[in-house]
Amino acid sequence: MDIQELFQRNKTYFRQCLQHEFVVKMFDGTLEIEKYKEYLIQDAIYLSTFTEVHKELIALSEEQHKDYFEERLRNLEMAELEIREELLKNLGITEKEIQPEKANEVTKSYQAYLYAALKSRNIGEIMVSLLPCYWIYQYIGEKGVVVKTKENPFTPWIATYKNEEYSEIVKEHIQFCTKYVENIEDVAELFEQGCKLEVAFFDRVK
Ligand SMILES: Cc1ncc(CO)c(N)n1
């Protein structure tokens, strides 16, 4: 699969996310904390499904890749999830607030999208269903320009995605997608749908 072609077809969604009011306000430090909280709550719910998909990937992967997917899960738990846990705690967000039944309609759609891909049992499709998530956040991290670094309360969020290690993980994820998916048309719709959900996720909390 030609991954650049997939990007070209969907770059408007990448840009929409990067230029999204919610994201711009994080980078310039002006986002209202209430909106940040709402986003983090929804994202914690989303990320628990995202983690479940990673666990399934270990089960579904070929023997020679199991170690790799186990490492990916560990990395997710030690990096992104740990940082998020700290952010939730610092903002006084409790376990009760991140229960699955608190999911808004976009979070629910995103979860349903991931579960549908999971149901296909096709590792290429499952990897592609995770791809907009990884790739768009990596794009935001790479391209976003931080204003007022010192007093910007959103620096920990930004730093999760604005780093070499995260970019490396995304690169490897992309390599797996290209290895597992031969024909772009098999996943074009799935990928576009995921990109749209990323935009909708920010729209819903802005
Ligand atoms: C909705 C969403 N997309 C992507 C990421 C990056 O993992 C995230 N945390 N949340």
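In this chain, numbering begins with 1 at the start of the sequence shown. Counting starts at 1 for both ligands and their atoms, following the listed order. Below, each value reflects all heavy atoms present in this structure, side chains not excepted, and no hydrogens, waters or symmetry copies.
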**OP:** Anything under 30° is parallel, anything over 60° is perpendicular, the rest tilted; go ahead and classify W157 against Y39.
**Re:** perpendicular
Original post:
Can you say whether the rings of H20 and F202 are parallel (under 30°), tilted (30 to 60°) or perpendicular (over 60°)?
Top reply: tilted
**OP:** May I ask you to test the V106-Q42 pair for a side-chain heavy-atom distance under 4.5 Å?
**Re:** no
Original post:
Parallel, tilted or perpendicular: which describes the rings of F7 and W135, with under 30° parallel and over 60° perpendicular?
Top reply: tilted
Subject >> Stepwise side chain to side chain donor-acceptor pair (under 3.5 Å) check, Y115 with E52 >> reply: CA-CA 10 Å; Y115 283 130; E52 267 182 64; 3.1 Å; yes
Give every pair formed by an N or O atom of ligand 1 and a protein N or O atom closer than 3.5 Å, one pair per line with both atom names and the distance to 0.1 Å, or write none.
from	atom 1	to	atom 2	distance (Å)
ligand 1	3 (N)	E198	OE1	3.0
ligand 1	3 (N)	E198	OE2	2.7
ligand 1	7 (O)	E80	OE1	3.3
ligand 1	7 (O)	E80	OE2	2.7
ligand 1	9 (N)	D43	OD2	2.8
ligand 1	9 (N)	E80	OE2	3.0
ligand 1	9 (N)	R84	NH2	3.4
ligand 1	10 (N)	D43	OD1	2.7
ligand 1	10 (N)	D43	OD2	3.3
ligand 1	10 (N)	Y137	OH	3.4

**OP:** Give the ring-plane orientation class for H173 versus Y134, where under 30° counts as parallel, over 60° as perpendicular and anything between as tilted.
**Re:** tilted
